[in-house]
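When reading the values below, keep in mind they use all heavy atoms of this one structure, side chains included, and skip hydrogens, waters and symmetry mates. A note on names: the letters A, B, ... follow the listed sequences, proteins ahead of strands, and every chain is numbered from 1.
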Amino acid sequence: MPEGHTLHRLAHELTDAFAGRRVRVGSPQGRFADSAALLDGQVLVGAEAWGKKLYVEFHGDRFVYVHLGLIGGLDVHRDVDEVPAPVGQVRLRITTPTAYADLRGATACELVTPEQRDAAIARMGPDPLRPESDPNRAWDRIRRSRLPIGRLLMDQGVLAGVGNVYRAELLFRHRMHPLRPGNTLRVGQWRAMWEDLVELMHEGVRTGRIDTVRPEHTPEAMGRGARIDDHGGEVYVYRRTGQPCHVCGRPVRTAVLDARNLFWCSRCQPTFRSRAVS
DNA sequence: CTCACATGTTAAG
DNA sequence: TTAACCTGTGAGC
């Protein structure tokens, strides 16, 4: 779940549920207990996401930095009659009489200063979900790098918020092999990819899913009539190893790059200058 | 039921 | 490079 769209969605949910309200803050599991005690009873100002990082602001310039990592989750419940007892290992719980939010399994949950928050944001590449983001900052890195585009897209210092699903799907939609060196891209290709990301990720925030298959490529439209595997959305190649490409029918390929799985179609995303593995 | 693996990152070795 | 984080899901028995 947690690519950038998830965090932006959660920021909206937290803001809707708690912004401007005095809240109770606790750490049933205990690991955030000291910080929670400092925040308990304070007004929650709002929540904002930058890439995959989430910042929950409390009165007095206090920020809780949350990173869900691979397995973390944050559930927000509004308009409840009663706040239930926590279930499982709840690192952070925020409550009002009619709403509660539970954080579990996160990589990071820390109280940070505005300076620490600003510094972290400054190290991040542009986030397609933030309107002020400048795609040229990412392009300056990509165009000068011989590293594979598949690696650059996942580097949060180059681009903030893209994870393995958006990476795989973006590269497919732009017919680009994941191992193609960044410095072989043309600026027009990058601009098209950025525009696409902005659109796809905003849709992801709206729907809470990652859907990337164009209507003309759905199995029904292609006359295949098969079901689509559901990985929380409708996708071209992500986790579809060995299954037929929705466009050309060839089996989807996979490889490991930087300890993460790549997925691509060797016909739709051809190799580039024979450097890459086909 | 148990097991492997996952949309991520950091720190230890 | 590997383990750790610590949860959820799906496959296999």
Side-chain angles (χ1 to χ4, degrees), chain A residues 1-11 13 27-33 49-55 64-77 86-93 101-110 112 116-117 119-121 123-125 127-129 150-173 178 196-197 200-213 227-243 252 254-264:
Chain A
M1 298 249 192
E3 296 196 25
H5 69 302
T6 303
L7 282 301
H8 281 261
R9 189 177 169 84
L10 286 171
E13 287 185 33
S27 177
Q29 172 231 40
R31 277 184 58 188
F32 191 66
W50 295 80
K52 297 172 193 167
K53 295 182 199 287
L54 176 67
Y55 291 93
V64 176
Y65 156 54
V66 171
H67 198 300
L68 293 181
L70 186 61
I71 61 178
L74 178 59
D75 303 320
V76 183
H77 305 265
V87 176
Q89 299 285 304
V90 176
R91 177 98 57 93
L92 165 66
R93 167 170 270 206
D102 284 343
L103 175 71
R104 294 183 179 82
T107 292
C109 176
E110 303 162 20
V112 299
Q116 289 173 307
R117 168 182 167 277
I121 290 168
R123 284 193 298 271
M124 244 180 283
D127 177 348
L129 289 172
R151 175 172 173 170
L152 293 165
L153 291 176
M154 290 274 278
D155 183 336
Q156 303 298 300
V158 173
L159 193 60
V162 170
N164 210 9
V165 183
Y166 279 121
R167 166 174 75 171
E169 296 302 302
L170 184 75
L171 290 170
F172 182 92
R173 285 168 62 96
D196 206 20
L197 269 182
L200 285 175
M201 293 181 74
H202 273 104
E203 190 193 319
V205 174
R206 281 196 302 276
T207 64
R209 306 158 38 103
I210 301 181
D211 292 296
T212 60
V213 180
R227 72 173 189 84
I228 290 208
D229 4 51
D230 194 354
H231 296 298
E234 195 169 300
V235 294
Y236 282 108
V237 292
Y238 175 72
R239 280 239 237 174
R240 294 194 63 249
T241 308
Q243 297 176 65
V252 171
T254 188
V256 175
L257 177 69
D258 301 321
R260 305 301 302 277
N261 294 320
L262 291 173
F263 305 92
W264 76 97

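At whole-Å resolution of the value, CG in A:L103 and P in C:dC5 are 16 Å apart. In this structure, A:Y238 places its OH atom 12 Å from C1' of C:dT9, rounding to the nearest Å. A:H8 places its NE2 atom 15 Å from the C1' atom of B:dT7, with the value rounded to the nearest Å. Rounded to whole Å, atom P of B:dT7 lies 13 Å from atom NE2 of A:H5. Rounded to whole Å, the distance from CD1 on A:I71 to P on C:dT7 is 7 Å. Atom CG in A:L68 sits roughly 13 Å away from atom P in C:dT7 (whole-Å rounding). When rounded to the nearest whole Å, the span between CE of A:M124 and P of B:dG8 equals 15 Å. Look at CG on A:D211: it is 18 Å from P on B:dT7, rounded to the nearest Å.
Applying the ring pair (Phe, Tyr, Trp, His ring centres under 6.0 Å) test to A:H202 and every residue at least two apart in sequence or in another chain returns nothing. Under the side-chain hydrogen bond (donor to acceptor under 3.5 Å, both in side chains) criterion, A:Q89 pairs with no residue, sequence neighbours left out. For A:Y236, the ring pair (Phe, Tyr, Trp, His ring centres under 6.0 Å) partners at least two apart in sequence or on another chain are A:F172, A:H217. Checked against salt bridge (Lys or Arg N to Asp or Glu O under 4.0 Å), A:D102 has the following partners two or more places apart in sequence or in another chain: A:R93, A:R104.
With a 4.5 Å cut-off on side-chain heavy atoms, A:H8 and A:D127 count as touching. Counting heavy atoms from C-beta on, the side chains of A:L10 and A:L68 come closer than 4.5 Å. A:E13 places none of its side-chain heavy atoms less than 4.5 Å from the side chain of A:D75.
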Might you list the N or O atoms of the protein lying below 3.5 Å from N or O atoms in nucleotides 2-4 of chain B, with each pair's distance?
none

Please write out each protein N/O paired with an N/O of nucleotides 9-13 of chain B under 3.5 Å, distance rounded to 0.1 Å.
unit_1 : atom_1 : unit_2 : atom_2 : d
B:dT9  : OP1    : A:H67  : NE2    : 3.4
B:dT9  : OP2    : A:K52  : NZ     : 3.3

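A donor-acceptor distance shorter than 3.5 angstrom exists from the side chain of A:Q156 to the backbone of A:V162, with no hydrogens or angles considered.
When the P atom is compared between C:dT2 and B:dA6, the two are found 15 Å apart, to the nearest whole Å. One P atom belongs to B:dA4, the other to C:dA4, and the distance between them is 15 Å to the nearest Å. On the P atoms, B:dC5 is 13 Å away from C:dA3, given to the nearest whole Å.
At the phosphate of B:dA6, OP1 or OP2 sits under 4.0 Å from a side-chain N or O atom of A:N261. In this model, the phosphate group of B:dT7 is not approached by any side-chain N or O of A:Y166 to a distance below 4.0 Å at OP1 or OP2.
Open room surrounds CZ on A:R151; 12 or fewer heavy atoms of other groups in view lie less than 6.0 Å from it.
Across all strands, A:R91 comes closer than 4.0 Å only to sugar-phosphate atoms, never to a base (heavy-atom distances).
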